[in-house]
Amino acid sequence: MGLPSGGTIINFIVIGLFVVYMGQVAMTMYELFNPEACVPGKGTRCVTPHQKADSQFELRLYTSLSVSKTVREKDLMLAHREKQLDLTDDREISVNITLPLRTLNNGTLYAYVFLHPRGTSPFRDREVTVYQIAPLTKYRVPKAEAFNLLKEDDQQGNSTADEIPTAHWKSKLPIRVMQDPIPFHQQAIPNELYQLMRFTKNAEYLPILYVHELAQKSIELVPINSSIPEMTLNIVYSPISVGQLRLYVSLQHSMKMLQDFGFGEKDVEEVKSLFTDTGLYLLGLTVLVSMFHILFDFLAFKNEISYWKKRDTMVGLSIRTIVWRSISQIVIFLYLLDQDTSLLVLVPAGIGTVIEVWKVKKAFKLHISWSGWKPSVSFGTSTDSEKETQEFDKKAMKYLSYLLYPLCVAGAMYSLIYVPHKSWYSWLINSLVNGVYAFGFLFMLPQLFVNYKLKSVAHLPWRAFMYKAFNTFIDDMFAFIITMPTAHRLACFRDDFVFLIYLYQRWLYPVDKTRVNEYGMSYEEKPATTVPSQEEKTHKD
């Protein structure tokens, strides 16, 4: 038995690392949600909760133009007082906030949230009072307005948005209080909780108050208008478990690190939505599926590159499909850039674009040589079997063009007349990508036609196909979780249909080892009185 190939060894290494990583993540999540409780005993110092089961609390919300280390009542303005707050029940309160003149003139505003026992004052009884500070405004560049390109009046009135950031109002203030009364070891308090804790003289910790800023979405921001001095603030309260609190605090620090690494606001927003818009069990499923998506992406890219690197013949493959996939991938990538799509979608699309362009070079047997600074381009010759495949390909595309081109042109004209766009470039990219998404799957059909004429699918990269098929079904789930253009979301389901047809052809034309495989090789030869040429054997497939 020979040694495994280098590609097989890489697969085993990657899958092994993937399994180890999944085990590490599972262990970390378990420890996050199940911290070790302190058992009082000899030599053991425990920090216990000050909150009792029958304790009653009051919530106060103040506003201020700035953040100060020294909190004084005269520097704050009372916005709302909730005299009886049940910490075990969800609650939503709508409050009208009067904005100071400085805030209306593109300034800031902060919320001071106080939680203290009923019958006490947050300023006189500081020992039993906890508070958190959170910004109520955020600076953001106004979104560019779309307009009808054929109407000059609209174009002049809706010029490119100003690049100066303006103050926006956060319409929601999510507040959480930890409900798990867990005694902690004094020297082993989790760091995520310690930074939120306040202690009494008796080494008891007060209720842990947390402003859940991860739940505040950019889509909920409202531009502050100087003519509207009052804004609505929705205070959303709910209890939180110790595991969720630790997870969200850790994520908040991770989001800041992503921004420091150069990730944009929209990219960070997409990551936040994965954790805050889903329930706990769906969150775990999302994390698990995300890991498999990354694994299948890597294996698909790796196997596809390996397949095309070894491929020396185009027998059985539709060159027009390859060229179309390359063009459509470039258009989709430009469209995703124009739509400010998340890097979670953009990066794999960019890698796929590079691979598709490289496949076109291999398909045309393109060779580039350099003589100094002068490039020389040459194309390889086609065998008789490859020319026969090209004839099938040409015939399929001829029929498809009668339907495809009129639909694309009609869709572009309709979009120009009735749909507003930010610019002519935006209209061009949108028209092209709508053609790709709506009718692009038709360009996958020539390969199905070639398979039908040859009665074979042995020439296809099935290993890479299956990894892509798994990811396609995973994308179906992510289509409802990650924010993306509607057309891109629908395209995920379109690909399912094409993959099912490929699988049907795989069943219809069983593998025959006498056929030429995807690398142009035949593992067995049928007995024959004469030895056929390589082109005849390929033609026979």
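Everything quoted here is computed from the prediction, not taken from an experiment. Along the sequence shown, residues carry numbers from 1.
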Next item on the list: Check step by step if ring-ring contact (aromatic ring centres under 6.0 Å, His included) holds for F57 and H116.
Entry: CA-CA 6 Å; F57 290 88; H116 56 94; 8.6 Å; no
Can you see which heavy atom on [X] is nearest to which on [Y], and at what distance?
X	Y	value
A349	T353	O-OG1, 2.8 Å
P35	R246	CB-NH1, 3.7 Å
T108	Y110	OG1-CE1, 3.8 Å
P135	E213	CD-OE2, 4.0 Å
W169	L136	CE3-O, 3.6 Å
Q179	P239	CG-CB, 3.1 Å

Next item on the list: Please step through side-chain contact (heavy atoms from CB on, under 4.5 Å) for the pair H185 and I189, ending with a clear verdict.
Entry: CA-CA 6 Å; H185 290 276; I189 300 175; over 6 Å; no
So [Y] and [X], do their side chains get closer than 4.5 Å, heavy atoms only?
X	Y	answer
V128	D125	yes
Y237	P174	no
E73	Y62	yes
L196	V130	no
S64	L76	yes
D86	R91	no
L233	L61	yes
H80	I93	yes

Note to self: Please evaluate residues S328 and S326 with respect to the criterion side-chain contact (heavy atoms from CB on, under 4.5 Å), reporting the C-alpha separation (whole Å), side-chain torsions for both, the decisive distance (0.1 Å), and the verdict.
What the structure shows: CA-CA 6 Å; S328 62; S326 175; over 6 Å; no
Next item on the list: Would you check if there is a donor-acceptor pair between the side chains of T166 and N106 at a distance under 3.5 Å?
Entry: no
Next item on the list: Please check if any side-chain donor atom of Y210 sits under 3.5 Å from a side-chain acceptor atom of Q244, or the reverse.
Entry: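 No, because no side-chain N or O of Y210 sits under 3.5 Å from a partner of the opposite role on Q244.
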Rounded to the nearest 0.5 Å, how far does [atom2] of [Y] lie from [atom1] of [X]?
X	Y	atom1	atom2	result
L214	M255	CG	CE	7.0 Å
S241	M178	OG	CE	9.0 Å
Q84	L59	CD	CG	12.5 Å
R60	L85	CZ	CG	13.0 Å
S68	I133	OG	CD1	8.0 Å
Q51	L115	CD	CG	8.5 Å

Note to self: Set out, in order, the CA-CA distance, both residues' side-chain angles and the distance that settles side-chain contact (heavy atoms from CB on, under 4.5 Å) for L173 and V113, then state yes or no.
What the structure shows: CA-CA 10 Å; L173 183 65; V113 183; 4.1 Å; yes
Under 3.5 Å, side chain of [X] to main-chain N/O of [Y], donor-acceptor pair present?
X	Y	answer
N96	T232	no
T103	L99	no
R124	S121	no
Q216	K172	yes

Next item on the list: Evaluate the side chain to side chain donor-acceptor pair (under 3.5 Å) criterion for residues R176 and S238: first the C-alpha distance (whole Å), next the side-chain angles of each, then the deciding distance (0.1 Å), finally the verdict.
Entry: CA-CA 5 Å; R176 306 288 185 266; S238 63; 3.1 Å; yes
Should the heavy atoms of other residues, nucleotides or ligands under 6.0 Å from [atom1] of [X] be counted, would the total exceed 12?
X	atom1	result
M22	CE	yes
Y139	OH	yes
E36	CD	no
F199	CZ	yes
K83	NZ	no
R102	CZ	no

Next item on the list: Could you check E356 against K359 for salt bridge (charged side-chain N to carboxylate O under 4.0 Å, His left out), going step by step and ending with a plain yes or no?
Entry: CA-CA 5 Å; E356 292 297 335; K359 285 162 59 177; 3.3 Å; yes
Check: Do H50 and Y205 have their ring centres less than 6.0 Å from each other?
Finding: no
Next item on the list: Could you tell me whether Y131 and F114 have their ring centroids closer than 6.0 angstrom?
Entry: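 Yes: the rings meet the under 6.0 Å criterion.
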Checklist line | Electrostatic pair R198:E127 at N-O distance under 4.0 angstrom | finding: no
Margin query: Does this structure show an ion pair linking E58 with R118, if we count only N-O contacts that are shorter than 4.0 Å?
Written below: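 Salt bridge flag = no for R118 with E58.
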Next item on the list: Start with the C-alpha distance between K170 and T137, add both sets of side-chain angles, then the distance that settles side-chain contact (heavy atoms from CB on, under 4.5 Å), and finish with yes or no.
Entry: CA-CA 6 Å; K170 296 183 178 182; T137 58; over 6 Å; no
